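For reference, the structure discussed in these notes is given below.
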Amino acid sequence: MTAHPPQWHILGAGAIGSLWAALAQRAGNPPAMLLRDGHRLADYQRGKGIIFESGGQAEILPVQAQSPESMQSPIAQLLVCTKAQDTLNAISAYAPRLTPDCTVVLLQNGMGVAEVIHRHYPQLRLLQASTTEGAFRRGDFHIVHAGRGETRLGDIPGISTVSESHARAVATSLSFPPVEVVYCDAMTEILWRKLAINCAINPLTVVYQCRNGELLDNPTALQRMHTVVDEVLTVARRLGIDLGSDLHQQVVAVASATALNRSSMLQDAEAGRSTEIDYISGYLCRQARELGEDTPESAALYAAVTQRHPAGAN
Ligand SMILES: NC(=O)c1ccc[n+]([C@@H]2O[C@H](COP(=O)([O-])OP(=O)(O)OC[C@H]3O[C@@H](n4cnc5c(N)ncnc54)[C@H](OP(=O)(O)O)[C@@H]3O)[C@@H](O)[C@H]2O)c1
């Protein structure tokens, strides 16, 4: 008898969560999507599943979905794909169903969420993943896999209590063609480089209300972008994190490669939704404050974005 691979429960059925859910379903490892409430479950059940578009082809994948009220079975593996500021509320709604040693993978941008979750649920086996796959929602439960990237997964120093072999097995079990999740033993550097990119691009797109690439054509915005990168480098250096010597070039390269994108922070701000600013510039500023460092440009961007819409509070 062959053992069934453990089922993944996917919390946050937006662009990234639906991408993983669709790929897992297609690969023959049916996941369960965990929705916010019974209303969202009813919305989902009015259709036939996730509409998944990739390479110009669309298919409907009948992924199973649950709400906190409908969910009865235990959750041993949880992939969290909510925005950073929604994570604690989302996990709390399903907390009664989490097994005592549940493995929880945070697949999100921003930093500082793991600390919040660990404070509330110290028993969970937390891992962090970071992806540069690109996906967007064309409609409700209708997503487009728009760009290929890389996904890395590893432990969170000081928080994870997961053996390397378990983390490697988790990375493998979250790999569904064409996406491969690669185990990484240097997640701190990966997360800080991603933080730098997010700190240097996303809030500026809100301030200048522009696409990523337009920041490169605006000398003031470009100067501010480089100032933010210098601030991230200073804070990281004080924390003993080596971000290499090419961070300025990488940030410019990302803004250029994603020139036509409207950042998710800009989209959230324009739609009047909360943004991930507390876990991006806010995280950097908190780290800086604890070290007695000044990050005036990041602080100004944090203030500018939060004035438009108060950041979510976890
Ligand atoms: N999209 C990308 O290409 C991309 C690439 C790299 C990294 N990321 C990161 O990945 C994370 C997810 O991004 P995304 O683009 O997938 O965001 P998204 O499309 O906004 O999806 C977030 C999902 O979380 C759900 N949610 C919010 N609160 C919830 C709750 N209490 N319970 C259950 N579900 C809840 C939302 O539900 P509703 O549908 O009910 O609102 C939504 O479906 C973010 O950290 C983002 O920065 C995204």
Side-chain angles (χ1 to χ4, degrees), residues 9-22 32-44 47 50 52-54 63 65-71 75 78-95 97 105-114 117 128-153 179 181 190-191 193-195 197-199 201-203 205 212 254 257-258 261-280 283 311-314:
H9 292 82
I10 300 180
L11 183 56
I16 288 293
S18 298
L19 171 65
W20 250 265
M33 282 192 316
L34 306 183
L35 307 183
R36 135 193 343 259
D37 55 28
H39 297 292
R40 292 299 283 149
L41 184 58
D43 290 343
Y44 180 69
I50 294 176
F52 175 62
E53 271 188 60
S54 175
V63 177
Q66 301 280 356
S67 68
E69 303 77 29
S70 72
M71 186 72 199
I75 298 171
L78 184 68
L79 178 67
V80 180
C81 304
T82 56
K83 292 269 169 68
Q85 68 275 12
D86 296 324
T87 308
L88 180 60
N89 281 344
I91 290 184
S92 297
Y94 286 94
R97 298 284 163 249
V105 177
L106 303 173
L107 175 54
Q108 305 169 306
N109 278 337
M111 291 183 76
V113 177
I117 302 304
Q128 181 83 47
S130 176
T131 190
T132 55
E133 294 289 337
F136 66 88
R137 297 206 249 189
R138 200 184 287 292
D140 221 12
F141 306 112
H142 179 166
I143 55 134
V144 180
H145 190 189
R148 293 302 323 280
E150 292 177 345
T151 307
R152 294 174 202 279
L153 175 150
V179 169
V181 180
I190 299 283
L191 294 174
R193 285 183 78 88
K194 189 86 191 266
L195 182 75
I197 292 164
N198 287 326
C199 283
I201 296 178
N202 301 12
T205 64
N212 294 359
V254 170
T258 59
N261 289 10
R262 295 171 71 251
S263 75
S264 65
M265 189 174 285
L266 175 60
Q267 292 181 45
D268 285 337
E270 285 187 343
R273 294 186 294 258
S274 66
T275 72
E276 293 187 301
I277 191 73
D278 243 359
Y279 300 88
I280 295 179
Y283 179 82
N314 256 356

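First listed ligand is number 1; within each ligand, the first listed atom is number 1. The shown structure was predicted, so the numbers you read here are calculated from the model rather than taken from an experiment.
Backbone and side-chain nitrogen or oxygen atoms of Lys194 are examined, and none is located within less than 3.5 angstrom of a nitrogen or oxygen of ligand 1. An N or O contact shorter than 3.5 Å is missing between Leu35 and ligand 1 by distance. Among the atoms of Ile16, some N or O lies under 3.5 angstrom from an N or O of ligand 1. In terms of polar-atom proximity, Gln108 is not counted as a contact of ligand 1, lacking any N or O under 3.5 Å from an N or O of the ligand.
When the heavy atoms of Gly14, Ala93, Ala90 are ranked by distance to atom 29 (C) of ligand 1, first place goes to Ala90.
Under a 4.0 Å criterion applied to the non-hydrogen atoms of Lys83, ligand 1 contributes the atoms 13 (O), 17 (O), 20 (O). The ligand atoms of ligand 1 that sit less than 4.0 angstrom from a heavy atom of Cys81 are 12 (C), 22 (C). Those atoms of ligand 1 that come under 4.0 Å of a heavy atom in Glu276, given as number and element, are 44 (C), 45 (O), 46 (C), 47 (O). Close approach of ligand 1 to Asp86 is summarised as follows: ligand atoms under 4.0 Å from at least one heavy atom of the residue are 27 (C), 28 (N). Each of the following atoms of ligand 1 lies closer than 4.0 Å to a heavy atom of Thr131: 6 (C).
At the shortest separation from atom 19 (O) of ligand 1 among protein heavy atoms lies Ala15 N, 3.0 Å.
For the pair Tyr44/Ile50, a side-chain contact is recorded, criterion being any heavy-atom separation below 4.5 Å from C-beta on.
Only the side chain of Arg137 comes within 4.0 Å of ligand 1, judged by heavy-atom distances. Only side-chain heavy atoms of Arg40 come within less than 4.0 Å of ligand 1; its backbone N, CA, C and O stay farther off.
A salt bridge links Arg40 to Asp43: one of the charged nitrogens lies within less than 4.0 Å of a carboxylate oxygen. The pair Asp86-Arg36 fails the salt-bridge criterion, with no side-chain N (NZ, NE, NH1 or NH2) lying under 4.0 Å from an Asp/Glu carboxylate O.
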